[in-house]
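Accompanying notes for the structure given below.
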Amino acid sequence: MYLLDTNIYINFYDRYYPINHFATFWEKFIPILQNQIMIPDVVVRENMHNPWFKSDLLANNYQKDSIDHRNYQEEWVAVLNYIANSDVYSDKALIGDRAWTNENIADGWLIAIAKKENCTIVSDELPNPNLNSLHKSKNPKVPDVAKADPFNVRCINMLQFFDEVNLKV
């Protein structure tokens, strides 16, 4: 099973595959959505700026309930504790409106859910190639935290996902 980061859905419906230009993409994606993807409600909320996402894509094409991210509170706290105690992240990594401590930000929840449910995360976030204890980062990236012990969560990009699910248009 896969968990798609908010940036993947935005790439799909807003940047690369708008439905009015790429209907074939969506015809092929919908069965994958149904059978191989879990959608946390926190990701649904992050995509609410696009009314099509919830009113059409989910309402008409996703027959499962979204996952209540709050059921993974313990795992989410472990993600936050990892960042707080890591020697590669500064104290500012968990401060601010867009920080992972904001329960409306999906990043930490994705790792928590993926860890517990043994899912692969699909994200177009790039790992930080300069992550080190000498120059601490104030911006954790999903691929970096996901691969860290104790999580060891697999994280792939959009094209790797297309290859794995055999999505070709």
Side-chain angles (χ1 to χ4, degrees), residues 1-19 21-22 25-26 28-30 32-73 75-80 82-83 89 93-128 137-148 151 153-165 167:
M1 292 297 280
Y2 297 92
L3 292 169
L4 277 57
D5 196 351
T6 302
N7 62 48
I8 296 297
Y9 292 107
I10 293 170
N11 283 348
F12 286 178
Y13 65 70
D14 196 35
R15 294 183 183 140
Y16 304 127
Y17 308 107
I19 194 158
H21 296 290
F22 294 95
F25 170 85
W26 292 99
K28 293 184 178 197
F29 177 68
I30 297 304
I32 295 165
L33 180 71
Q34 288 293 352
N35 298 310
Q36 298 183 56
I37 296 173
M38 297 169 60
I39 304 177
D41 54 0
V42 66
V43 170
V44 173
R45 283 201 303 273
E46 281 191 343
N47 278 286
M48 289 307 291
H49 69 278
N50 185 309
W52 175 84
F53 180 80
K54 187 170 184 180
S55 66
D56 191 28
L57 180 65
L58 295 185
N60 296 328
N61 299 297
Y62 191 69
Q63 306 307 316
K64 301 179 270 185
D65 291 332
S66 62
I67 299 167
D68 185 348
H69 67 284
R70 295 169 296 186
N71 294 334
Y72 300 85
Q73 186 87 26
E75 292 80 8
W76 180 64
V77 169
V79 171
L80 299 180
Y82 167 80
I83 294 169
Y89 296 108
L94 295 175
I95 299 171
D97 291 342
R98 300 292 307 155
W100 289 19
T101 49
N102 179 338
E103 68 177 39
N104 295 313
I105 301 298
D107 295 353
W109 293 108
L110 288 172
I111 295 167
I113 296 166
K115 174 65 177 170
K116 187 164 186 178
E117 302 296 338
N118 196 30
C119 295
T120 296
I121 296 173
V122 181
S123 177
D124 268 352
E125 267 190 18
L126 297 174
N128 180 345
S137 174
K138 62 180 179 181
N139 189 15
K141 300 291 185 183
V142 170
D144 294 323
V145 178
K147 75 178 180 183
F151 310 113
V153 169
R154 189 164 171 261
C155 188
I156 61 176
N157 66 33
M158 185 173 68
L159 293 178
Q160 290 169 310
F161 171 69
F162 289 167
D163 286 342
E164 289 188 14
V165 298
L167 179 58

Closest non-hydrogen atom pair between [X] and [Y], with its separation:
{"X": "Leu3", "Y": "Ala114", "result": "CD1-N, 3.5 Å"}
{"X": "Ala106", "Y": "Val43", "result": "CB-CG2, 3.9 Å"}
{"X": "Val145", "Y": "Phe151", "result": "O-CD1, 3.4 Å"}
{"X": "Ala112", "Y": "Val79", "result": "N-CG2, 4.1 Å"}
{"X": "Ala146", "Y": "Ile111", "result": "N-CD1, 3.8 Å"}

Can you tell me how far the [atom1] atom of [X] sits from the [atom2] atom of [Y], to the nearest 0.5 Å?
{"X": "Ile30", "Y": "Asn35", "atom1": "CD1", "atom2": "CG", "value": "11.0 Å"}
{"X": "Gln34", "Y": "Phe29", "atom1": "CD", "atom2": "CZ", "value": "10.0 Å"}
{"X": "Ile8", "Y": "Ile121", "atom1": "CD1", "atom2": "CD1", "value": "11.0 Å"}
{"X": "Asn11", "Y": "Tyr16", "atom1": "CG", "atom2": "OH", "value": "5.0 Å"}
{"X": "Lys138", "Y": "Ile83", "atom1": "NZ", "atom2": "CD1", "value": "15.0 Å"}

Got a sec, which residues hit side chain to side chain donor-acceptor pair (under 3.5 Å) with [X], two or more places apart in sequence or on another chain?
{"X": "Asn7", "result": "Asp5, Ser123"}
{"X": "Asn61", "result": "none"}
{"X": "Asp68", "result": "Arg70"}
{"X": "Arg154", "result": "Thr120, Glu164"}

I'd like to check the side chain to side chain contact (heavy atoms under 4.5 Å, CB included) partners of [X]; sequence neighbours left out, ordered by chain and number.
{"X": "Ala148", "answer": "Tyr82"}
{"X": "Leu159", "answer": "Asn157, Phe162"}
{"X": "Asn118", "answer": "none"}
{"X": "Asn104", "answer": "Arg45, Asn102"}

Just to verify, what does Asp97 make a salt bridge (charged side-chain N to carboxylate O under 4.0 Å, His left out) with, not counting sequence neighbours?
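Checked Asp97 against salt bridge (charged side-chain N to carboxylate O under 4.0 Å, His left out); zero matches.
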N/O donor-acceptor pair under 3.5 Å between Glu46 side chain and Thr6 backbone:
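Judged by distance alone, no pair lies under 3.5 Å.
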Strictly distance-based, threshold 3.5 Å: is any side-chain N or O of Lys64 a donor or acceptor partner for the main-chain N or O of Ile37?
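Yes, Lys64 side chain to Ile37 backbone: donor-acceptor pair under 3.5 Å.
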Determine whether [X] and [Y] make a side-chain contact, defined as any pair of heavy atoms from C-beta on separated by less than 4.5 Å.
{"X": "Tyr2", "Y": "Ile32", "answer": "no"}
{"X": "Leu33", "Y": "Leu57", "answer": "yes"}
{"X": "Cys155", "Y": "Lys147", "answer": "no"}
{"X": "Leu4", "Y": "Ile39", "answer": "no"}
{"X": "Asp144", "Y": "Tyr89", "answer": "yes"}
{"X": "Ile10", "Y": "Phe53", "answer": "no"}
{"X": "Asn139", "Y": "Lys141", "answer": "yes"}

Over 60° means perpendicular and under 30° means parallel, so tell me whether Trp109 and Trp76 are parallel, tilted or perpendicular.
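Aromatic pair Trp109/Trp76 classed parallel.
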Trp100: partners by ring-ring contact (aromatic ring centres under 6.0 Å, His included), with sequence neighbours left out:
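In terms of ring-ring contact (aromatic ring centres under 6.0 Å, His included), with neighbours along the sequence ignored, Trp100 is linked to no residue.
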Results of ring-ring contact (aromatic ring centres under 6.0 Å, His included) for Tyr17 - residues two or more places apart only
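For Tyr17 the ring-ring contact (aromatic ring centres under 6.0 Å, His included) partners, ignoring immediate neighbours, are Phe22, Phe25.
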Applying salt bridge (Lys or Arg N to Asp or Glu O under 4.0 Å), which residue pairs with at least one partner in residues 102-121 are found, sequence neighbours left out?
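Those involving residues 102-121 are Glu75-Lys116.
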